[in-house]
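In what follows, every heavy atom counts, from backbone to side chain, and hydrogens, waters and symmetry copies are set aside. Here the structure is a predicted model, which means the values were calculated and not measured. Along the sequence shown, residues are numbered consecutively beginning with 1.
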Amino acid sequence: MDAGNWYTCHDPELARMQASARRAVHAHNTRPPARRGAMATELADLLGAVGQGCFIEAPFHVAYGVNLRLGNRVYFNAGCAVLDTGPVEIGDDCMFGPAVQIYCAQHAKDPDARAAGQEIALPVRIGANVWVGGGAIVMPGVTIGDRAIIGAGAVVTHDVPADRTVIGNPARSLS
C-alpha cells in the first residue's frame, strides 16, 4: 500500500490499523465539544501530522489517519471523510465545507480482483489556502493547486491548477 502497488484491503495488519483509527475517530466524535476542543487528543495523535491551529468538527471519519498530514490552520466542517489509504497532504489555511470526501483508494476494475479486495492507493495533494465547498468529492490521485476553489458538490476527477475555480460533476473550470 505504502509503495503505491496493488494490495489487498483484507490484510490483517491493515485491519488493525483501521481499528486504531476507528477508536480515535470514536473518541473525537463522541466527546463533548468543550472537552474535545479543536480535535480529540486520540485523533491528533493518530494523524501523520497536525499543524498549529487546526480544527476538525464532529462527526469526522478517517480510514487510517497515519497518512493524513495537515498544515497550519486547516478546518474541516462536520461530516467530512478522508479515506487515506495513501498520502493525503493538505497545505496551510485550507477550509473544507460539510460532508467533503477525500478518497485515495481505487479498487480493481476486474470483478474477481475487486472481490478479492485488490486496490491501489493514489495520493491526494491539496495546496495552501484552498477552499473545498460542502459535499465535494476529491478522487484518488488528484492534486489541487494553491488558492483553488472547489465548488459545493463538485466531483474532482483531475488535477486543479493553482488559482482555479472548478464546479460540477465532473468538476470543470468556471469560465
If I compare all heavy atoms of [X] with all of [Y], which pair ends up nearest, and what's the gap?
{"X": "Thr85", "Y": "Cys104", "answer": "OG1-CB, 3.3 Å"}
{"X": "Asp84", "Y": "Val66", "answer": "OD2-N, 3.6 Å"}
{"X": "Ala148", "Y": "Val160", "answer": "CB-CG1, 3.9 Å"}
{"X": "Ala108", "Y": "Arg114", "answer": "O-NH1, 3.0 Å"}
{"X": "Ala115", "Y": "His10", "answer": "O-NE2, 3.9 Å"}
{"X": "Thr30", "Y": "His26", "answer": "OG1-O, 2.6 Å"}

Heavy atoms, side chains only, cut-off 4.5 Å: are [X] and [Y] in contact?
{"X": "Phe96", "Y": "Val74", "result": "yes"}
{"X": "Asn67", "Y": "Val62", "result": "no"}
{"X": "Leu83", "Y": "His61", "result": "yes"}
{"X": "Met39", "Y": "Cys54", "result": "yes"}
{"X": "Leu68", "Y": "Ile90", "result": "yes"}
{"X": "Leu14", "Y": "Tyr64", "result": "yes"}
{"X": "Met1", "Y": "Trp6", "result": "no"}
{"X": "Thr41", "Y": "Leu43", "result": "no"}

> Tell me, which pairs form a side chain to side chain donor-acceptor pair (under 3.5 Å) where one or both residues lie in residues 138-151, sequence neighbours left out?
Replying inline: Arg147-Asp163

If two hydrophobic side chains count as joined below 4.5 Å and joins carry through other members, does [X] share a cluster with [Y]?
{"X": "Met95", "Y": "Val82", "answer": "no"}
{"X": "Phe76", "Y": "Val142", "answer": "yes"}
{"X": "Tyr75", "Y": "Ile102", "answer": "no"}

>> Determine whether a donor-acceptor pair (N or O, by modelled atom type, separation under 3.5 Å) exists between the side chain of His28 and the backbone of Ala44.
In response: no

> So, the side chain of Asp92 versus the backbone of Asn72: is there a donor-acceptor pair under 3.5 Å, distance only?
Replying inline: yes

> Is atom CZ of Arg69 surrounded by more than 12 heavy atoms (other residues, nucleotides or ligands) closer than 6.0 Å?
Replying inline: no

>> Under the criterion side chain to side chain contact (heavy atoms under 4.5 Å, CB included), I'd like the reasoning laid out for Tyr103 against Ile137: C-alpha separation, chi angles, the key distance, then a yes or no.
In response: CA-CA 8 Å; Tyr103 304 149; Ile137 299 171; 3.4 Å; yes

How many angstroms lie between atom [atom1] of [X] and atom [atom2] of [Y], to the nearest 0.5 angstrom?
{"X": "Ile150", "Y": "Cys94", "atom1": "CD1", "atom2": "SG", "result": "10.0 Å"}
{"X": "Arg73", "Y": "Asp93", "atom1": "CZ", "atom2": "CG", "result": "4.0 Å"}
{"X": "Arg172", "Y": "His158", "atom1": "CZ", "atom2": "NE2", "result": "14.0 Å"}

Atom pairs and distances, side-chain donor-acceptor, residues 116-133, under 3.5 Å, sequence neighbours left out:
{"residue": "Glu119", "atom": "OE1", "partner": "His107", "partner atom": "ND1", "Å": "3.2"}
{"residue": "Glu119", "atom": "OE2", "partner": "Tyr7", "partner atom": "OH", "Å": "2.5"}

